[in-house]
Amino acid sequence: MCGIVGYVGHERALEVLLGGLKRLEYRGYDSAGVAVIDPAGDLHVAKKAGRLSALTDELRAHPIGDGATGIGHTRWATHGGPTDVNAHPHLGDEGRLAVIHNGIIENFAALKEELLAAGETFESETDTEVAAILLGREYRATGDLVEAFRRVVGRLEGAFTILATHQEQPGVVVGARRNSPLVIGLGDGENFLGSDVAAFVEHTRRAVAIGQDQIVTITPESVTVTDFAGESVEVDAFDVAWDASASEKGGWSSFMAKEISEEPEAVANTIRGRIEDGHVSVPELDALGDGVLAGIDRIIIVACGTAAYAGMVGRYAIEKWSRVPVEVDLSHEFRYREPVLTPTTLVISISQSGETMDTLMAVKYAREAGAVAVSVCNTQGATIPRESDAAVYTHAGPEVAVASTKAFVAQITALYLFGLHLARVRGTMSEAQLTAATDELTAIPAKLAQTLKASEVIEPLAKWMADSRAVLFLGRHVGYPIALEGALKLKELAYIHAEGFAAGELKHGPIALIEAGQPVFVVVPSPRGSAEMHKKVVSNIQEIRARGARVIAIAEQGDAAVLPFADEVVAIPLAAPLFEPLLAVIPLQIFAMELAAAKGLDVDQPRNLAKSVTVE
Ligand code: M6R
């Protein structure tokens with residue numbers, strides 16, 4: 001959702017801001033704007049509904065002054081529609097200061113009433129303008145931007161990242177955060193603020209993540225961090241593990257195509273350093289302290305969307321290997337059902353961005369209730385790992401396309417590493433079993449590369465199916481979450497009604513949907529894992545085929561039993577059954593991408609969606 005950039009230094013701020021906003025586009029937005037202070041000390045603002053290109057067209061048609069201090073914003077509308085007026089920045093102090101904001105100011109109505117009563121007027125429908133007007137008043141009262149800002153953020157309720165700059169104090173940008181991300185980029189004679197490191201990674205890879213309820217002030221030569229009471233706070237810098245080219249398309253038709261091609265590498269990087277000579281160890285889990293994992297008696301996985309389906313896959317493996325009961329809950333349902341949590345409950349959150357508000361709130365709830373929290377996350381410096389007792393990072397590299405692909409396989413990999421680590425700690429697997437499982441996992445990157453090759457048959461199929469009104473997906477055991485993920489991908493990218501079902505559920509209702517020509521993808525389990533499950537799924541295929549379904553089977557190489565009944569078969573390499581989901585998902589990701597492309601849709605930024613959902 002909203003993207004934020006702040007800059008102070010020696011470059012043209014406008015250029016830095018527009019470059020940063022471009023890199024933050026992937027977060028999803030529907031309007032964009034910038035504010036810069038020119039050398040004469042005048043604040044200039046430009047903002048426009050629509051894509052970033054609408055803003056750059058506007059700047060070309062009506063150039064504004066430029067300087068070396070500025071803030072920029074991409075907005076995903078919450079309070080008020082995506083219009084020019086509602087776009088950020090919003091102004092206060094009679095146009096002398098500018099404010100941008102991500103999140104929701106929950107007490108904005110009460111604050112607005114107070115300001116209206118005091119004679120203030122508003123142009124937009126946003127909650128953000130309330131903060132800007134309030135800041136203007138505090139600035140006039142104190143004459144000090146930092147002090148005024150501190151007073152304002154202390155009055156705001158809800159979740160926010162907020163940045164401000166004032167023309168009377170050029171060379172200063174202030175920012176604050178609560179439950180919403182803000183990262184500092186440390187430069188040489190220049191400093192940056194961003195929603196995430198992508199905002200400034202082309203200028204610096206040295207970064208600092210701001211903690212909860214903290215305020216940062218940047219000038220070209222200094223960075224000061226305090227809490228909301230004004231007490232100074234020590235911060236730790238880190239090096240961003242990837243460079244700007246990692247978040248560029250690099251010749252691919254879309255970020256999604258590039259990211260799918262990177263899946264073998266994403267899994268290999270997630271395994272690296274955690275399996276040595278067949279021995280599995282996830283050192284980050286040491287942060288939990290001695291004996292904690294051995295004493296866990298229940299695991300609850302919390303996540304949303306694709307990450308939740310990764311959790312569903314992980315459940316089968318973690319439970320089987322460690323013999324600890326595992327549940328999976330959608331983050332936004334978790335805390336409202338008042339789950340029973342104890343100090344021996346482990347809550348594992350999964351989040352690519354590490355900023356999904358629903359998941360963040362689930363983690364906070366779990367910790368407040370005394371549970372232990374481990375985060376599986378792909379983004380350095382993100383909020384969720386910082387709010388957890390330990391973080392297991394996936395090393396998938398930046399994922400820019402809104403549809404999650406390489407992060408999904410990296411999340412499953414991290415959960416499998418966790419499951420094997422737990423099994424070793426608890427002694428629930430023999431050395432031979434652990435070695436067999438680690439061998440399987442380390443073989444996955446090469447098998448993923450083969451699967452990508454085998455999935456070439458998908459493109460013509462997707463083109464052929466571009467006019468489908470609905471597509472169904474069936475799977476059993478670990479194939480079930482893959483069916484759900486296949487359906488989600490198709491919905492979000494191709495805007496086609498798609499549903500995933502557990503194959504065993506078919507005769508309990510969904511089979512009524514089958515009519516002549518209905519496309520159904522079936523994820524077929526390996527007969528080597530469970531001959532019984534395999535036989536049942538093959539029977540399901542016959543049942544739907546008999547009713548006119550067009551069946552596309554994802555089955556392991558050499559599975560002759562499906563051939564007579566499937567219209568198409570996508571063959572995936574042989575893998576132990578628990579590892580098949582890592583391979584079976586690939587053709588489904590490619591299918592959704594190719595079908596969306598065949599319909600002429602934006603594969604990387606589907607309508608209405610944001611990459612990271614930072615409001616509840
Ligand atoms: O950043 P997160 O992993 O927490 O995001 C969770 C979901 O919003 C995300 O997986 C979403 O479902 C994707 N758009 C799916 O492709």
Side-chain angles (χ1 to χ4, degrees), residues 1 3 24 26-28 76 179-181 195-196 198 254-257 259-260 263 266 270 301-314 328-334 347-363 375-388 391-394 396-415 473 481-482 484-495 498 500 585-586 588-593 596 601-616:
M1 291 178 162
L24 294 178
Y26 78 95
R27 296 172 70 91
W76 190 86
N179 292 335
S180 188
S195 308
D196 62 60
S254 63
F255 279 107
M256 188 177 176
E259 287 158 10
I260 289 174
E263 293 192 57
T270 302
I301 297 176
V302 291
C304 299
T306 290
Y309 298 145
M312 285 175 72
V313 174
V328 182
D329 219 341
L330 293 167
S331 310
H332 37 86
E333 292 295 320
F334 171 70
V347 173
I348 302 180
S349 64
I350 311 172
S351 176
Q352 187 287 130
S353 60
E355 300 295 349
T356 297
M357 185 60 75
D358 295 306
T359 305
L360 173 61
M361 289 304 156
V363 171
S375 126
V376 171
C377 182
N378 193 43
T379 310
Q380 281 175 293
T383 308
I384 294 172
R386 291 165 62 86
E387 293 287 329
S388 302
V392 178
Y393 281 98
T394 49
E399 192 178 66
V400 175
V402 164
S404 192
T405 54
K406 63 176 178 173
F408 178 70
V409 290
Q411 285 161 351
I412 295 173
T413 305
L415 291 172
F473 296 77
I482 296 303
L484 296 173
E485 173 62 2
L488 176 62
K489 283 280 128 351
L490 197 59
K491 272 182 255 198
E492 67 178 332
L493 287 168
Y495 319 149
V585 74
I586 304 293
L588 302 183
Q589 294 171 343
I590 295 176
F591 175 70
M593 176 181 72
L601 299 172
D602 186 337
V603 166
D604 288 331
Q605 287 173 26
R607 70 183 178 202
N608 304 339
L609 292 176
K611 179 67 179 164
S612 56
V613 181
T614 53
V615 294
E616 283 181 283

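In each ligand, atom 1 is the first atom listed, and ligand 1 is the first ligand listed.
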Quick one: look up the protein heavy atom nearest [atom] and list residue, atom name and how far away it is.
atom                    : value
atom 1 (O) of ligand 1  : S353 OG, 2.7 Å
atom 5 (O) of ligand 1  : T356 OG1, 3.5 Å
atom 8 (O) of ligand 1  : V613 CG2, 4.2 Å
atom 10 (O) of ligand 1 : T306 N, 3.2 Å

Please could you name the atoms of ligand 1 that [X] approaches to less than 4.0 Å, counting only its heavy atoms?
X    : result
G305 : 12 (O)
S404 : 15 (C), 16 (O)
V402 : 13 (C), 14 (N), 16 (O)
C304 : 6 (C), 7 (C), 10 (O)

Just distances here: any N/O of Q352 and N/O of ligand 1 closer than 3.5 Å?
-> yes

Do Q352 and C377 pass the side chain to side chain contact (heavy atoms under 4.5 Å, CB included) test, and can you show the C-alpha distance, the side-chain angles, and the key distance before you say yes or no?
-> CA-CA 5 Å; Q352 187 287 130; C377 182; over 6 Å; no

Between E355 and ligand 1, find which residue part has any heavy-atom pair under 4.0 Å and reply side chain, backbone, both or neither.
-> neither

Answer with yes or no whether the side chains of E355 and T379 bring together a donor and an acceptor at under 3.5 Å.
-> no

Partners passing salt bridge (Lys or Arg N to Asp or Glu O under 4.0 Å) against D329 (at least two apart in sequence or in another chain) | R337

With a 4.0 Å cut-off on heavy atoms, is S612 touching ligand 1?
-> no

Looking at ligand 1, does T359 have a heavy atom less than 4.0 Å from it?
-> no

Got a salt bridge between R607 and D602, using NZ or NE/NH1/NH2 to carboxylate O under 4.0 Å?
-> no

For the residue pair T394 and A410, what are the closest heavy atoms and their distance?
-> CG2-O, 3.3 Å

